[in-house]
Structures are given as C-alpha cells and as structure tokens.
Amino acid sequence: MRRILAGLLALAALIGVALWPDEASAHALLARADPPINASLRESPTTITLFMTEQLQRSHSSVQVLDSAGQRRDIGETEFSDAVPTQMSVRTLKLEPGVYTVAWETLSEVDGHTWTGSYVFSVLNPDGSAPAGSAFEIDLDRPGPPVSADAAVKAVGLAALVLFVGAVFISCLLRPSPITMLTPLIAGTVVVGIAATGYESIAGALRLGDIGFLGDVLFDTRNGLWLQQRWYALIVAGLLVSVRLLRPMFVSDRLALSVLALLAVAWLASTAAISHGAAIGSGWIWGTLFDALHLVAVALWIGGLISLILTIRVRTEARIESVRRFSIAAAVSVPILVAAGLLSALVQIPNVNGIVETDWGLAFIVKLVILVALFATAGANAFFLRPRDVAADGHDHQLVRRFGRMMRIEAALGLAVITASAILTQLPSPASAQPEIEQKDNTVVETVARGEIVVSLEISPNLVGFNAWTATIRGDDENPVEALLLRFRYEDPSVGPVTVPTTPIADGQFQLEGAYFGLPGEWTVEMELRRASGDDLLMAVRTDVESGYQASPFATDSGGALGLPLTQMDWNGVGALWAFTLGGLAWFNRPHIRRSWGPRGGDASFVAGLLGLIVAVVLLTGLHVEPGRTLENPIERTAESVEQGAVLFAANCASCHGETGAGDGPLADSLPAPPANFTVHVPFHPDGVLFAWITDGIRGTGMPAWSPQLSDHERWDLVNFLRASFDPIGAQ
C-alpha cells in the first residue's frame, strides 16, 4: 500500500513539475486596445485606451506611452471609466512619425495579482511610408515571489480547505459524531490555512514593491476584503479548536459543529469569490456560484473521504454504517461536482482552441485524465467492493483490506486533482488568453536566386505593423555577403520607399525587426546584398500584407453581474443541465429515500426524477425566443437615417462583414466564427433582432456588443441601413 501511495504522490509531483507555471500568472490581461496592437496610423492619436480582461484596481494600474528612446509621451495620470471597470486610458502629446511602445501594469481587483505588458504601434510619415527607428525594449519583470511558490501554496491551501470542510462534514454526518478524534485534523488545517492566507497577503504586497503595500492589498482591493474575511474565519476557528483541545468540556459538540460549519462556509466563500469565475465580468455572480458549487462538492467528497478513512481506523465496529452514510452523500455530491465543473469549464473555454493552444488547457486535460481515474476508482468502491463488504458483514478481512486500500487510492487521486486545480488558478484561463489566440499569423518564406546565390526571406507574421524579416543566404562562400539592406516599396508610388540596414545574427543570416509594413496591400521587399568584392546584388520578393489585428475583437461585457456567462449555451441549456442533474439524483437515490421516508418518499423521488427529465427535454427543445423578436423600430427609415447608418457601417462593420455585407471583410479570417452574410440573414430577421445583435453582440463569435460605443439612435440607423441595403423587398 505504501508503494501505491508513494507512486501516486510521485505522479502528482510529476504533474506539478510538468504544468508548473514559470511566469507571473495574473489574469488582468489585455483584451483589446485603441489604437490596436501593431497599428500603423496616419495621424497622431490623442488618447490610448486599453480594455483588460478583469476589473482593475485603480490605485496600482497605469498606462505609459514611450518613444523609441524610452521617453514618455503621455500626459497626466491614467484615467478610468466608471461604466467599463476593465478600461483604462491615457492622453498623449502630439506624436511625430515613429514607433511607440504602450507599457501597462495592472492590479486585478479580483485575484490581487499584478501583471505588466506592452504592445507597439507606429505613426507613419506624411507620405504614408514607415518611420525609421524601432520599438523601445522595456523590462517586464515583476517583483514578488516566484509563481511556482504561489502555485505550491495555493495547492496546500486548497487541500487544507478541502480537509477542513470534509472533517466538519463527517463530524456532522456520522453518529455518534467523531469530532473529538477529528479535532487535531481540523486544527492542523486551520494552521495551514492561516499560513497560506498570510503568504497570499504578503506576496501581494511584494508584487507591488515591498511589504509596505500590505495595507493597500488588504484594505483597498476586493481581493483583500475576502482575504480579511478568511483571516477572521480562521482565527475564530483556531480559537475554537484550541479550546476543544485544551478544555473540551467548555464547548459542546453541537455548538462546536455549528460554529465550524459556518466558518467552513466563510472559508469556501472567500475562496470562490476570487476564483476565475468571479473575474469574468458579465455574469460573474453565476461564475462564482458555479465555482463555489464545484469546490463544495470536491470538499464533501474528497475531504469527507479522507476524514472517513481516519475515523474508521479507530471506530472499526461502525465501519459499514459509516461507509454507507458517506456513500449516499458522495452519490449526491459527485453529480453536482460534474455539472458545476462542466459549467465552470465552459465559462473559461470559449472554444476548442482554448484547450489545445494554452497552458491552462493542457493542465485542464491532465486534470480530466486524473478525474477519469478517480471516477473509475470511486465506481469500483461504490458498486463492487462496498456491496461485497456489506454482504460479508465485515468478516472477510482480505476484502476489508482491499476496500481500505482502494479508498486510500481514491483519496490520493483526489489530492492529485486538487493539485491540478491549484495550478489552473495560477494560469491565465483561455477566456483571458483568447485575444492572443485569435491574432493572425501569415508568416511566409520566399526564396529567390541569382546565379549561385540563393536567398530565403522569412517574413513573420507578415501583417500590417511590427514584423521580423530573416534572410538566409547560401552559395556565397567564395565572395561572402558582408551587409544586407532591405528596401520597402508599397504598391502605391505616392508612399515613399524606406531603406533599412539589417543586423547579422549568424554566418549568412541577417535579421530586421520593425513596423515597415504600414498599410495593407502589396509590398515589394528589395534585398541589397553588399559583398566583400565584386558587384553587389539586388533581389526582390513581393508579398500581400493584411491587417491582422482587430480593433474590437471581443464583446464588451453587457449582461451585468447576472448576465449569462457562457458562450456555448443559453439559459435553456443551463436550466436543462441542472434539471437533469437534480432529477437524476432523485431517481438514483430512490432506494435510500424509500428506506428513510417510506413508500411515499420513494414515489416522490420517482416523480421528481421523471419531472426533471421532462423539464430538461422541454427546455432543450420547446423554449426559445429570439432576442428582440417583439422590439419595434422607433426610427423611421428615412434617407438621412440610412445615410448615417452607412457611415457607421463603413467605420465599424465593414472590416469584418465586408463592404458588400457578404462576410468577407479583411478581418473575417481572424474571427472565431465567420461573420454574418447580411444578404442571407437580414431578410429573414425583424428589425428588433438585428438591433439586439448589434446591442449585445453574439456570444461565441467575434461580434462585439456595440451598446457602449453607439447610442440607441445610431444602432437603429445601422438597422435601417442594413434593411435598405440587404433586404430590397422588406425595405419597400
């Protein structure tokens, strides 16, 4: 048995090493920016606006604009928006042609983590050519303890929470209550919880600079308020268990269990309130609730199982009855764990790319693999070993030992799941990393030859804005190339050419980085090879360059705290999942309910199970109301309204939907789903539906919510333009 447990612990350690985050992992990442990432602007912007993925703590979040020499070109302090808590902006001086770096740092109001980052944009020369110079390199290293330490402490803290809740649960479940024998376990989890909470508080202060920021962390952030609550709960729990250990007669079992149960709820709440689900913006209340239910179910199952193992080692005479009671409770908690875990995962995984293209997705897959092993072990215990143990009435000692071994394996696998979950909390979720995933990469490699000289030029990502050009030269052994110059010519001759020297990076290899593709279209890159002797050579390649970065790739939160946090299903799907889960629980537990409550209880559970199935089917198949279906258009479709809508369409919609509305705009390929073809969709949907889509966006696609940017009147003008342009019959 020791070998099995040692192997499982080694597996958990290997998982931790493989998935351990090696970079700071806060979650207030950049979702979009104005001007966009890698933009090439004809005129100087007056304001730089960033939209992050989480609500910002204003006291420690800021934006700076730096020129190529590292000099600040912004004016005044960073500004924030009360209407959009994820937005921050800064005004700029008039920017001359050049390459500029936007550097930002954030403190997440939810999880208390800091993050720094940067992106580049350029202001073109008056003739439209790319400016000289390169982006300023900034130091993005953040102070504070290593993230591996954060993940380790998080794993230990979650394990302590699970064991605390499980010990309280088993103490309430079994009769007589084993609270006296479990009090040392509860005391140990409280000590660990206090240490982990102290670490989180101090680490948050160190990330801001030094320990002097501890007050800011605890009293000026939402994260700090929940850490305070946890402190209070753990201190009270520590005092209570100290009294129980030193003077057990002073506090009755009933009073101790009542207080500990309330403290367990407080500890669970303070953990769920700073989870990934709490940081999603729109629908964060539901995201927090899903995470809380998932955590509660894990704590009751795994924490309860470990406490049960400790209990039956002492109270062997009540082993069968204790295991029976726990099995019933586990049978209830496991389906809730699965349903809540599924919803939590869907909140964080907008599409399949979120699993296969992120570190979070890799950790999630490993967690699923461990969960499959855990469910298999639990199933063997519940449906094979436990019934045989009951039938033998505990007299088959070999079976008892095998059952006990499998219970310990189940507990070890549960702890491995908790380790994987802790690592997930320290990695940006796919919902946060999505903007990086969706950016395009049109890297090309073009090869040209002149006599024996062959040059391969790689252009990455071959998009408007910042690129890298890497030239590899072969066949020049007798007369090596000493220098390489690149000359950039645009298809429009009014845009002047720019000649830039490259940097040698290896024998026969040269590289250049910069924002020399300033406009979308066809560019010619001329390569001037300067050789040690003889004539220099001139070669050229042509490439089509696109605008690969979206100005507004993701919808601004519009549903509020109670909005739907999922992109893969609507409220009918969520309701159907829970109806099926609760109905299935009632159906599955009919025998236990019948034994406890008699025939009427069994009949009621049968009816509840059938009702849950019916409700789930009805929600999935019978209830669907298209948003805006009954909404009337209050703006008359006049020529003026249509013209205003045309202006708005060209400025905000054509980049994705195309000038003809066919869904073939220059940014269409960068979206998670193809843009709507208006010639197909507009004739079949009323004005109210079109208005609702424009207002709230469409989940799971790149269609953003335009309600924060456009007024009601402007959105109706857009509807009138769409109707007049793409529905000739309906426009009459």
Side-chain angles (χ1 to χ4, degrees), residues 7-21 25 27 151 154-155 158-159 161-162 271-272 275-277 280 287 290-303 305 330-331 333-383 406 409-434 437 565-569 573-574 577-578 580-581 584 700:
L8 288 171
L9 291 175
L11 173 63
L14 181 61
I15 293 168
V17 171
L19 301 178
W20 218 250
S25 56
H27 313 304
K154 189 71 174 181
L158 282 177
L161 168 60
V162 166
T271 302
S275 65
H276 275 301
I280 58 176
F290 297 155
D291 284 352
L293 287 174
H294 187 64
L295 185 56
V296 168
V298 170
L300 296 183
W301 178 14
I302 303 303
L305 176 64
S333 64
V334 170
I336 294 176
L337 180 151
V338 172
L342 174 62
L343 292 173
S344 294
L346 291 177
V347 168
Q348 302 301 331
I349 306 173
N351 53 51
V352 69
N353 288 343
I355 298 179
V356 300
E357 296 185 10
T358 63
D359 292 337
W360 192 97
L362 175 61
F364 181 73
I365 292 173
V366 172
K367 178 182 176 180
L368 289 181
V369 171
I370 304 174
L371 274 173
V372 169
L374 176 59
F375 288 144
T377 304
N381 287 337
F383 300 111
M406 289 295 289
I409 293 175
E410 183 179 339
L413 287 171
L415 292 177
V417 170
I418 293 171
T419 300
S421 299
I423 294 174
L424 284 173
T425 66
Q426 299 302 306
L427 295 170
S429 71
S432 296
Q434 195 69 26
I437 296 171
L566 306 173
T567 61
Q568 303 87 348
M569 65 174 69
V574 176
L577 176 63
W578 284 112
F580 181 80
T581 299

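For the numbers below, each heavy atom of this structure counts, side chains included, while hydrogens, waters and symmetry mates do not.
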>> Go through it in stages, so that I can follow the logic: the residues are Phe375 and Val338, the test is side-chain contact (heavy atoms from CB on, under 4.5 Å), and I'd like the CA-CA distance, side-chain angles, deciding distance and then a yes or no.
In response: CA-CA 11 Å; Phe375 288 144; Val338 172; 3.9 Å; yes
> Could you walk me through whether Leu293 and Val296 pass the side-chain contact (heavy atoms from CB on, under 4.5 Å) check?
Replying inline: CA-CA 5 Å; Leu293 287 174; Val296 168; 5.6 Å; no
> From His294 NE2 over to Leu342 CG, what is the distance, rounded to the nearest 0.5 angstrom?
Replying inline: 10.5 Å
>> List the residues meeting side-chain contact (heavy atoms from CB on, under 4.5 Å) with Ala376, not counting sequence neighbours, and say none if there are none.
In response: none
> Got a sec, which residues hit side chain to side chain donor-acceptor pair (under 3.5 Å) with Ser275, two or more places apart in sequence or on another chain?
Replying inline: Asp291
> Any side-chain heavy atom of Val574 within less than 4.5 Å of one from Leu577?
Replying inline: no
> With Val417, which residues qualify under side-chain contact (heavy atoms from CB on, under 4.5 Å), at least two apart?
Replying inline: Lys367, Ile370, Leu371, Leu374, Ser421
> Under the side-chain contact (heavy atoms from CB on, under 4.5 Å) test, which residues partner Ala292, sequence neighbours left out?
Replying inline: Ala272
>> Using every non-hydrogen atom in the two residues, find where Ala340 and Trp578 come nearest and quote the distance to one decimal.
In response: N-CH2, 3.9 Å
>> Please report the interatomic distance CD1(Ile418) to CD1(Ile423), rounded to the nearest 0.5 Å.
In response: 12.5 Å
>> Which heavy atom of Ala363 sits nearest to which heavy atom of Leu424, and what is that distance?
In response: CB-CD2, 3.5 Å
> In Å and rounded to the nearest 0.5 Å, what is the NZ to OG1 distance from Lys154 to Thr271?
Replying inline: 6.0 Å
> Nearest heavy-atom pair of Trp301 and Ala330: which atoms, and what distance?
Replying inline: CD1-CB, 4.3 Å
>> In the structure I gave you, are the side-chain heavy atoms of Ile349 and Phe364 within less than 4.5 Å of one another anywhere?
In response: yes
>> Could you go through Leu300 and Ile336, starting from their C-alpha distance and side-chain angles, then the distance that decides it, and tell me whether this counts as side-chain contact (heavy atoms from CB on, under 4.5 Å)?
In response: CA-CA 11 Å; Leu300 296 183; Ile336 294 176; over 6 Å; no
> Taking all atoms of both residues into account, what is the closest heavy-atom pair of Ala297 and Leu337, and its distance?
Replying inline: CB-CB, 3.4 Å
> By side chain to side chain donor-acceptor pair (under 3.5 Å), which residues pair with Thr581, not counting sequence neighbours?
Replying inline: none
>> Return the CH2 to OG1 distance between Trp360 and Thr425, rounded to the nearest 0.5 Å.
In response: 11.0 Å
> Are any of the side-chain heavy atoms of Leu161 and Leu295 separated by less than 4.5 Å?
Replying inline: yes
